[in-house]
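First the structure, in the form of structure tokens, and then the observations on it.
Lettering of chains follows the sequences in order, A, B, ..., and the numbering in each one begins at 1.
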Amino acid sequence: SGAYNRGKNMVSPRRAVIAVVGPTATGKSALAEALALQLNGEIVSADSMQVYKGMDIGTAKVPLHERRVAYHCIDVVAPGEEFNAALYQKAARVAFEDIWARGKQPLLCGGTGLYVRAALEDFSLGQDDEGADAQVTRSERRRCLEAEAQELGPEAFYARLADLDPESAALIHPNNTRRVVRAFEWLEEGSSYAEQAAGFDAHNEVYPAVYLGLDMPRELLYTRINARVQQMVEHGLLDEVSELLRRGYGHALTAQQAIGYKELLPVLSGDETLEAAVSHIQQATRHYAKRQLSWFRRDKRIHWLDARLPLPELTSDALAFLSSMCG
RNA sequence: GGUCGGGUAGCUCAGUUGGUAGAGCAGCGGACUGAAAAUCCGCGUGCCGGCAGUUCAAGUCUGCCUCCGACCA
């Protein structure tokens, strides 16, 4: 993490990142853009799905022709390519430095809590990969561990971790095989999950930040989510998915995870009606919003704003808070 | 008008030979450090349609009433 400290440069309020966070469909992009216009800023997306090219409608990217400020960390890889929090951490920090170097204000905006923390905090994600070869062996190792988990079954796989590294195992639920896999990876890297977890709550800032959160009553949020999903479909989400399929990304790791994409595959293959898929997408998005809230709610640094307010009012509330923070 | 089904959690339904009810989904809460839009965990009192009867004991049996559905007139 030392690599990312800016050394002698004193941290001044002017150098703080402004972060806009909260659940989906709450108006983060609009607020971030309004603030960017006011503050001579540029936007760094903190969204795990907007990094993928060609996934536009379903990830609610602001359309190119509507963007009034520069965006970063959007469209950085193809849907078939591997991407993760470590790569995001680097990309976001490069973007911050670049924006500051041009005398502008970075605004981090997005709903992927892990990415927000990875960008701003002293967030160790393990050893660096060295070149493309390291990348290959890393995913090979992971596949190996997954195969082992598959073969042994979740209980026995977990028991193996409990044997090798009881402290880490104690922090992970036996059913959470994905975390168990990662715990083995930490061991192979000469550390351990438990060792890392000790610092999880520290919130050591690498980049000082001011956090703005957007939220609204649950019922309204869900109404907005449902409407937005409907709108995405009307704006051609189905075509977007079939285009990704045509380009061979149907089995891409990411496309299979993205809400709004995975649910439309059975529609294209004729196994499900569009109507049914839409309600599945709405459902999944509501669940997602809940998970986002439970991530952000426990972060006491966030200053929450009422997302129901019209944009001008919301913006001036945000600006008032920011100036109170910066003196 | 008659016959047969059915009325149990917000929804779909289970409920064994009578012992005062439980699944899935929805909803709510939580965790989270290299897949994170992922992955995982926790939370189930509801006049069992109503009234009466049989019984020590009724969601469960009987009668009447009521509502929904199908069929017969």
Side-chain angles (χ1 to χ4, degrees), chain A residues 1 23-25 45-52 55 58-61 77 79-91 110-129 134-135 137-139 141-143 145-146 149 154 158 168 171-186 188-189 191-204 206 218-219 221-222 225-226 228-229 232 252-263 279-299:
Chain A
S1 66
T24 8
S45 162
D47 186 302
S48 67
M49 294 297 153
Q50 290 190 350
V51 300
Y52 293 103
M55 294 170 65
T59 64
K61 284 177 198 164
V77 292
E81 284 178 68
E82 200 175 310
F83 198 80
N84 56 47
L87 292 171
Y88 175 77
Q89 182 176 60
K90 285 176 193 149
T112 305
L114 180 68
Y115 281 19
V116 173
R117 288 195 68 184
L120 297 171
E121 295 179 23
D122 183 8
F123 211 75
S124 152
L125 289 161
Q127 287 171 358
D128 257 16
D129 298 317
Q135 197 70 20
T137 57
R138 162 177 273 282
S139 47
R141 264 183 291 145
R142 179 167 288 183
R143 240 172 282 133
L145 286 164
E146 278 163 358
Y158 175 80
S168 294
L171 299 173
I172 300 169
H173 193 279
N175 292 348
N176 204 344
T177 302
R178 192 171 272 195
R179 291 264 161 71
V180 178
V181 166
R182 184 83 257 270
F184 278 115
E185 289 177 356
W186 276 113
E188 287 172 15
E189 288 167 20
S191 179
S192 82
Y193 180 77
E195 211 173 288
Q196 298 300 321
F200 286 179
D201 295 324
H203 289 296
N204 290 322
V206 171
R218 192 62 57 88
E219 205 184 359
L221 178 62
Y222 285 0
I225 285 172
N226 294 343
R228 192 167 76 156
V229 168
M232 284 174 174
L253 188 62
T254 317
Q256 284 184 327
Q257 291 190 167
I259 296 171
Y261 294 84
K262 56 173 175 247
E263 293 87 353
S279 83
H280 289 148
I281 295 169
Q282 291 168 329
Q283 187 63 73
T285 309
R286 275 179 261 141
H287 285 161
Y288 171 50
K290 247 172 81 59
R291 271 176 276 132
Q292 289 177 301
L293 276 167
S294 93
W295 179 287
F296 291 120
R297 271 195 293 221
R298 70 172 171 156
D299 189 337

Using a cut-off of strictly less than 4.0 Å, decide whether A:Tyr222 has a side-chain nitrogen or oxygen near OP1 or OP2 of B:C28. yes
Taking OP1 and OP2 of B:G29, is either one under 4.0 Å from a side-chain nitrogen or oxygen of A:Arg218? yes
Would one find a side-chain N or O of A:Asn175 under 4.0 angstrom from OP1 or OP2 of B:C41? yes
Please enumerate all protein N or O atoms sitting under 3.5 Å from an N or O of nucleotides 24-26 of chain B, with distances to 0.1 Å.
residue : atom : partner  : partner atom : Å
B:A26   : O3'  : A:Gln283 : NE2          : 3.4

Confirm from the modelled atom types if A:Lys290 and B:G29 form a donor-acceptor pair under 3.5 Å, side chain to base only. yes
Run through RNA chain B and report every stem of 3 or more consecutive Watson-Crick or G-U pairs, distances under 3.5 Å, ordered by first number. B:1-7 with B:66-72, B:10-13 with B:22-25, B:27-31 with B:39-43, B:49-53 with B:61-65
Under the side-chain hydrogen bond (donor to acceptor under 3.5 Å, both in side chains) rule, collect the residues that match up with A:Gln292, sequence neighbours excluded. A:Thr24, A:Tyr288
Contacts of A:Asn175 meeting side-chain hydrogen bond (donor to acceptor under 3.5 Å, both in side chains) (sequence neighbours excluded), chain-then-number -> none
Under 4.0 Å: is that the gap between some side-chain N or O of A:Arg179 and OP1 or OP2 of B:U33? yes
Should A:Arg297 be listed as having a side-chain N or O under 4.0 Å from OP1 or OP2 of B:G29? yes
Counting only distance, no hydrogens or angles, is the base of B:A35 paired donor-acceptor with the side chain of A:Glu146 under 3.5 Å? yes
Test side-chain hydrogen bond (donor to acceptor under 3.5 Å, both in side chains) applied to A:Arg117 - qualifying residues, sequence neighbours left out: A:Glu121
Ignoring hydrogens and geometry beyond distance, is the side chain of A:Arg291 in donor-acceptor contact with the base of B:A36 at under 3.5 Å? no
Please tell me which of the listed nucleotides, B:C32, B:U33, B:A36, lies nearest to the side chain of A:Arg117? B:U33
Look at A:Glu82 together with A:Arg138 and state whether they make a salt bridge at an N to O cut-off of under 4.0 Å. no
Using the 3.5 Å cut-off, write out each protein N or O paired with an N or O of nucleotides 10-13 of chain B and the distance between them.
none

